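Data block below; observations after.
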Amino acid sequence: MELELLYEGKAKKVYQSDTNENHLILSYKNAATAFNGEKKAQFTGKGRLNNEISSLLFKALQNKGIQSHFIKRLDSVTQMVQKTDIIPLEVVIRNIATGSITKRLDIQEKTLFEPALAELFYKDDSLGDPLINDEHALFLTDITEEELSSIKEKARQVNLALTEIFAAIGVRLVDFKLEFGRNKEGKILLSDEVSPDTCRLWDMETNEKLDKDVFRQGTGDLITVYEEILNRLEDQL
Ligand code: UDP
């Protein structure tokens, strides 16, 4: 039986599970986009790599006591997750300055942020996902002040956990983006994906970029570097 397609995004398709009303099936696509969808390409194998990497990372986070929507990986490109309504916020945590912040605030590339910087962006393609502050977030979404502070606290816990996980495979976690969703019981859960599409990952020894920046900047082969991340995680986890 064909599953009902609920939503198709830039990197994933979202299907309703046919066995549990509260579960979704995420299918990772081979498409890569950058600069708010202006640059596009297909990479054979990208869907599998991100599905496997994201599944391993959600499991590793779970082992460190951080819950998410992740239930299990089903096959090479799909995973089963708890159904949530995505809160239209992108929570970005930055350990090292690079990317948009260096231009926006004229901060020197590679400046260390200690403590890490947390930023909020409003998830709206037509507006180009603008940077917003807490008050904007409370106005634009249905979350309460308490929920916003627990989302930010959770993002910082994810940062500590992921920093450790990546350090163990010789990779520096530079920055990353998280999304959160609300399940049927009203509980806010870490959702979406954690992958080299959504994290900046630099090799600790060579500083080689092992993430989507190789595609954004046209400096390397996306599949080769995503495979490198998956291989290292598989050896370690
Ligand atoms: N990011 C993401 N999706 C977005 C925007 C950013 O996953 O729509 C991630 C990006 O991969 C990086 C971090 O969030 O790890 C910070 O990105 P930044 O704001 O520097 O954006 P960029 O320089 O890519 O425009």
Side-chain angles (χ1 to χ4, degrees), residues 7-12 26 28-29 31-41 43 46-47 49-51 53-54 57-58 61 68-69 86-113 115-133 136-137 140-141 151-152 154-156 158-163 165-166 171-181 190-203 207-220 222 225-226 229:
Y7 173 78
E8 177 161 3
K10 286 180 279 214
K12 297 185 284 300
L26 302 186
Y28 281 68
K29 308 200 303 187
T33 63
F35 312 119
N36 201 20
E38 272 171 50
K39 183 171 180 178
K40 286 187 203 137
F43 293 94
K46 174 177 178 282
L49 289 163
N50 271 354
N51 182 43
I53 293 168
S54 201
L57 291 172
F58 276 134
L61 287 173
S68 71
H69 72 158
I86 294 291
I87 296 157
L89 293 177
E90 298 192 340
V91 183
V92 168
I93 300 284
R94 299 181 187 273
N95 296 305
I96 305 177
T98 192
S100 67
I101 196 168
T102 59
K103 293 178 209 106
R104 191 182 340 113
L105 299 175
D106 191 22
I107 296 172
Q108 173 98 36
E109 220 14 72
K110 298 197 178 147
T111 304
L112 296 186
F113 296 122
L117 270 187
E119 292 180 333
L120 297 175
F121 295 84
Y122 183 43
K123 215 171 122 68
D124 184 324
D125 281 339
S126 67
L127 298 174
D129 297 344
L131 177 74
I132 57 171
N133 69 19
H136 297 138
L140 291 166
T141 72
I151 283 173
K152 288 208 257 173
K154 182 87 171 247
R156 290 187 184 282
V158 171
N159 188 35
L160 294 181
L162 284 182
T163 295
I165 290 163
F166 281 114
V171 168
R172 189 166 289 132
L173 178 63
V174 173
D175 60 26
F176 60 96
K177 182 262 302 180
L178 298 178
E179 294 182 22
F180 292 83
L190 174 61
S191 301
D192 194 45
E193 69 180 274
V194 181
S195 74
D197 269 13
T198 62
C199 301
R200 283 197 174 97
L201 305 168
W202 294 351
D203 184 276
N207 274 327
E208 188 193 351
K209 291 180 177 175
L210 301 172
D211 58 61
K212 199 166 87 172
D213 270 354
V214 298
F215 166 68
R216 290 190 187 99
Q217 299 165 354
T219 50
L222 180 143
V225 302
Y226 284 34
I229 292 293

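Note that ligands are numbered from 1 as they come in the structure, with each ligand's atoms numbered from 1 the same way. Here the structure is a predicted model, which is why all the values come from computation and not from measurement.
- Residue-level contacts of ligand 1 at the 4.0 Å heavy-atom threshold are E90, V92, R94, T98, G99, S100, D129, D175, F176, K177, D197, T198, C199, R200, R216.
- Residues forming a salt bridge (charged side-chain N to carboxylate O under 4.0 Å, His left out) with E119 (at least two apart in sequence, or on another chain): R94, R104.
- Every ring-ring contact (aromatic ring centres under 6.0 Å, His included) that F215 has, sequence neighbours left out, goes to F43.
- With sequence neighbours excluded, the residues satisfying salt bridge (charged side-chain N to carboxylate O under 4.0 Å, His left out) with K12 are D192, E193.
- For the 3.5 Å distance criterion, the side chains of Y28 and S54 qualify, holding a donor opposite an acceptor.
- Looking at N95 and N159, their side chains do bring a donor and an acceptor atom within 3.5 Å of each other.
- A side-chain hydrogen bond (donor to acceptor under 3.5 Å, both in side chains) with Y226 is found for one member of D211, N50, D197 and no other, namely D197.
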